[in-house]
Number of protein chains: 2
Amino acid sequence: MTMTDDQLISILRDSGYKVTPQRLAICNYVLSSKEHPTAEHIHSEIVKKHPAISLNTIYQTMDMLIDLGLVQEMRFSGSSSRFDSNTSVHVNIICQKCSKIQDFESEGIRELWSRILAEMNVEPVGQRLDVYVLCDECKR
Amino acid sequence: MTMTDDQLISILRDSGYKVTPQRLAICNYVLSSKEHPTAEHIHSEIVKKHPAISLNTIYQTMDMLIDLGLVQEMRFSGSSSRFDSNTSVHVNIICQKCSKIQDFESEGIRELWSRILAEMNVEPVGQRLDVYVLCDECKR
DNA sequence: TTACAAATCGTATTTGTTACTAACTAGTAA
DNA sequence: TTACTAGTTAGTAACAAATACGATTTGTAA
Ligand SMILES: [Mn+2]
Ligand SMILES: [Mn+2]
Ligand SMILES: [Zn+2]
Ligand SMILES: [Zn+2]
């Protein structure tokens, strides 16, 4: 979910989180990324502007974003967690070979998913919809 | 997926896996369980009949079952992996509080899911459909 | 029966994540 | 501006689940 610095700052302050340059940099990167990055990946990006940033701060900031409901953590076998800033109902298309993750989102899917929920008769507090595939590049 | 010992033995032999008493016990337990058990949970069950069984053997047998396509591993934040022997298209209804997992499966859901796949235009090799809820007991 | 590849058990190691702590800093209110 | 304080950071230690390793045992095909 992309937003302006001012919007982000309001959200953090309203929830009692202090605004630091590290947080702003991490949030801006993660919330605008479509790559479902790992903590290591986020760190390697942020360290360019904040050379002393620690991996721990990345994890703590992810915990904050999860607490704020702005990010979802996805765990996998054999690889580290990916962080998804798309919190709307959508499908993650995940390549089994190269681990690339692409979102698929549409009104049609939201409608079909809501019908599935209706059939199950549950009140969801979240969901994770993964489809495992071989992506076009890995199929070759 | 429940099956007879003979069916199971055939599958193992056909794939070049040896048939051992430990494997039979683990497979029978896991393939008939609806609980999405953890490795520890499986171990605590099998150790009753095989007192020397190691946790390592549980993990190795799970790898085998995953290789055979009979089991799917589900990783989570803050808790250990759960192993799901229901490999058909279904939704895992997962309580955020007590971590109980219940399958929901129906012709309607398979139909709706196939329409989602059609819209995405992908050839899935698998999927993981999680809905996070508060179960009836935890809601009280 | 024998030979050998594979499986098991027990343990060591790895790895991703979490916990801890001293130093630092954002926010607040004189 | 200044001083205070609770929250944040960086660095590192600790943790736990999962994986790798190696000696011994076992299943299976000759
Ligand atoms: Mn996504
Ligand atoms: Mn299931
Ligand atoms: Zn790929
Ligand atoms: Zn519950």
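Throughout, a chain's letter reflects where its sequence line sits, starting with A, and its residues are numbered from 1.
Across all strands shown, B:Leu55 has no heavy atoms under 4.0 Å from either base or sugar-phosphate atoms. Here B:Pro21 lies in heavy-atom contact (under 4.0 Å) with sugar-phosphate atoms only. As judged by a 4.0 angstrom heavy-atom cut-off over every strand, A:Glu40 is placed among residues making no nucleic acid contact.
Listed candidates were D:dT28, D:dG7, D:dA10. Nearest to the side chain of A:Thr57 is D:dA10. The A:Gln22 side chain lies nearest to D:dT9 when the options are D:dT9, D:dT12, C:dC9. When distances are taken from the side chain of A:Arg13 to each of C:dG27, C:dC20, C:dC9, the shortest belongs to C:dG27. For B:Arg75, counting side-chain heavy atoms from C-beta on, the closest listed nucleotide (C:dC9, D:dT19, D:dT28) is D:dT19. Among D:dA17, C:dA7, C:dG16, the nucleotide with an atom closest to any side-chain atom of B:Ser80 is D:dA17. Distances from the side chain of B:Asn56 to the nucleotides C:dC20, D:dC21, D:dG7 place D:dC21 closest. The B:Thr20 side chain lies nearest to D:dG27 when the options are D:dA18, D:dG27, C:dT17. The side chain of A:Val19 sits closest to C:dG27 out of C:dG27, D:dA18, D:dT28.
Using modelled atom types and a 3.5 Å distance limit, the side chains of A:Asp130 and B:Gln127 yield no donor-acceptor pair. A side-chain donor from one of A:Glu105 and A:Ser88 sits under 3.5 Å from a side-chain acceptor of the other. Side chains of A:Thr38 and A:Arg82: no donor on one and acceptor on the other come within 3.5 Å.
At whole-Å resolution of the value, CZ in B:Phe76 and C1' in C:dT17 are 17 Å apart. Residue B:Leu12 contributes atom CG, which lies 15 Å from atom P of C:dA6 at whole-angstrom precision. Between the NE2 atom of B:His43 and the C1' atom of D:dA17 there is a distance of 14 Å, rounded to whole Å. Summarising the geometry, the separation between OH on B:Tyr17 and P on C:dA7 is reported as 8 Å, rounded to the nearest angstrom. The CE atom of A:Met62 sits 15 Å away from the C1' atom of C:dG16 (whole-angstrom rounding). The distance between atom OH of A:Tyr59 and atom P of D:dT8, rounded to the nearest whole Å, is 20 Å. The CD1 atom of A:Ile58 sits 15 Å away from the P atom of D:dT8 (whole-angstrom rounding). B:Asp67 has its CG atom 15 Å from the C1' atom of C:dA6, to the nearest Å.
Criterion: ILVMFWY side-chain heavy atoms under 4.5 Å apart, direct or through other members. Under it, A:Met120 and B:Met74 are not part of a common hydrophobic cluster.
Taking only side-chain nitrogens and oxygens, A:Ser81 comes nearer than 4.0 Å to OP1 or OP2 of C:dT17. Considering only side-chain N and O atoms, A:Arg23 lies nowhere under 4.0 angstrom from the phosphate OP1 or OP2 of D:dG7.
Under the 30°/60° scheme for interplanar angles, the aromatic rings of B:His90 and B:His36 are found to be tilted.
Residues B:Phe83 and B:Lys18 each lie close to DNA chain D; by heavy-atom proximity, the contact nearer the 5' end of the strand is made by B:Phe83. Nearer the 5' end of DNA chain C, as judged by each residue's closest nucleotide, is the contact made by B:Met64, out of B:Gly78 and B:Met64.
Atoms CD1 and SG, on A:Ile9 and A:Cys27 in that order, are 10.5 Å from each other to the nearest 0.5 Å.
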